[in-house]
Amino acid sequence: PEFFNSQDWWGEKEYTAILTIPADVTYTKFYYFCHIHSGMSAEIEIVDHVVTPTAVINPEALGGETEASALAIYDNIVATEQESLSDYDASCGTHNSEAFGNHSTCSNKNFVCGPGASTDYGQCL
């Protein structure tokens with residue numbers, strides 16, 4: 001990728017990413033990350049979009065589990081096996097990352113520490 005070159009080299013170019021989302025999806029949140037830049041990730045939320053769900057869960061394909069029984073198993077695992085999250089980790093969707101949230105290594109950094117790093121999302125990077 002061109003981004004392996006210096007920012008001076010590629011910074012003047014214009015890049016585009018296209019995400020095609022089918023009109024009949026029932027989910028409204030998407031997550032992406034860059035496999036090259038660890039700080040380039042985000043959540044995309046579609047708003048003001050209502051679709052009647054068309055997916056039907058087939059219990060036979062899930063070992064006989066229904067959505068309700070699978071959720072009960074999940075809830076039990078969360079309650080009995082998962083460590084508690086700090087408020088920071090809960091808001092960022094991370095685990096045991098609060099110690100890295102102070103941006104103490106931001107000196108001369110461009111991607112994670114520049115303008116916008118003070119937003120809720122920026123604080124999580």
Side-chain angles (χ1 to χ4, degrees):
E2 294 183 349
F3 297 109
F4 283 122
N5 295 301
S6 71
Q7 186 175 3
D8 294 337
W9 184 84
W10 58 260
E12 305 254 338
K13 295 186 178 209
E14 190 171 309
Y15 296 90
T16 303
I18 298 173
L19 176 64
T20 303
I21 303 168
D24 62 348
V25 297
T26 57
Y27 43 87
T28 60
K29 290 185 179 181
F30 298 86
Y31 301 89
Y32 73 89
F33 70 97
C34 177
H35 69 282
I36 298 169
H37 300 103
S38 62
M40 292 178 72
S41 61
E43 174 185 88
I44 299 170
E45 184 172 6
I46 300 171
V47 296
D48 298 330
H49 179 71
V50 179
V51 173
T52 302
T54 57
V56 177
I57 294 177
N58 179 356
E60 297 308 313
L62 299 174
E65 295 295 339
T66 64
E67 183 176 2
S69 66
L71 285 172
I73 292 168
Y74 171 78
D75 289 341
N76 183 56
I77 290 170
V78 169
T80 61
E81 305 290 330
Q82 190 173 21
E83 294 181 32
S84 297
L85 294 176
S86 68
D87 290 340
Y88 175 88
D89 283 321
S91 68
C92 292
T94 56
H95 176 75
N96 205 19
S97 298
E98 188 168 7
F100 305 101
N102 64 9
H103 287 202
S104 62
T105 61
C106 279
S107 179
N108 298 318
K109 301 291 186 348
N110 293 318
F111 290 109
V112 178
C113 304
S118 60
T119 65
D120 289 344
Y121 176 73
Q123 290 299 309
C124 292
L125 294 179

Exercise. Hey, is CD on Glu45 packed in by over 12 heavy atoms from elsewhere, all under 6.0 Å?
Worked result: yes
Exercise. Listed by chain and number, what are the side chain to side chain contact (heavy atoms under 4.5 Å, CB included) partners of Tyr74, not counting sequence neighbours?
Worked result: Val78
Exercise. Ile18 and Thr16: which non-hydrogen atoms are nearest, and at how many Å?
Worked result: CG1-CG2, 4.1 Å
For this session: Could I get the full list of side chain to side chain contact (heavy atoms under 4.5 Å, CB included) partners for Ile21, not counting sequence neighbours?
Result: Leu19, Val25, Phe30, Ile46
Problem set entry | Heavy atoms from other residues, nucleotides or ligands near CG of Asp75 exceed 12 (cutoff 6.0 Å) | yes
For this session: Please go through Ile73's hydrophobic cluster and name the other residues, only I, L, V, M, F, W, Y counting, with side-chain heavy atoms under 4.5 Å joining them.
Result: Ile77
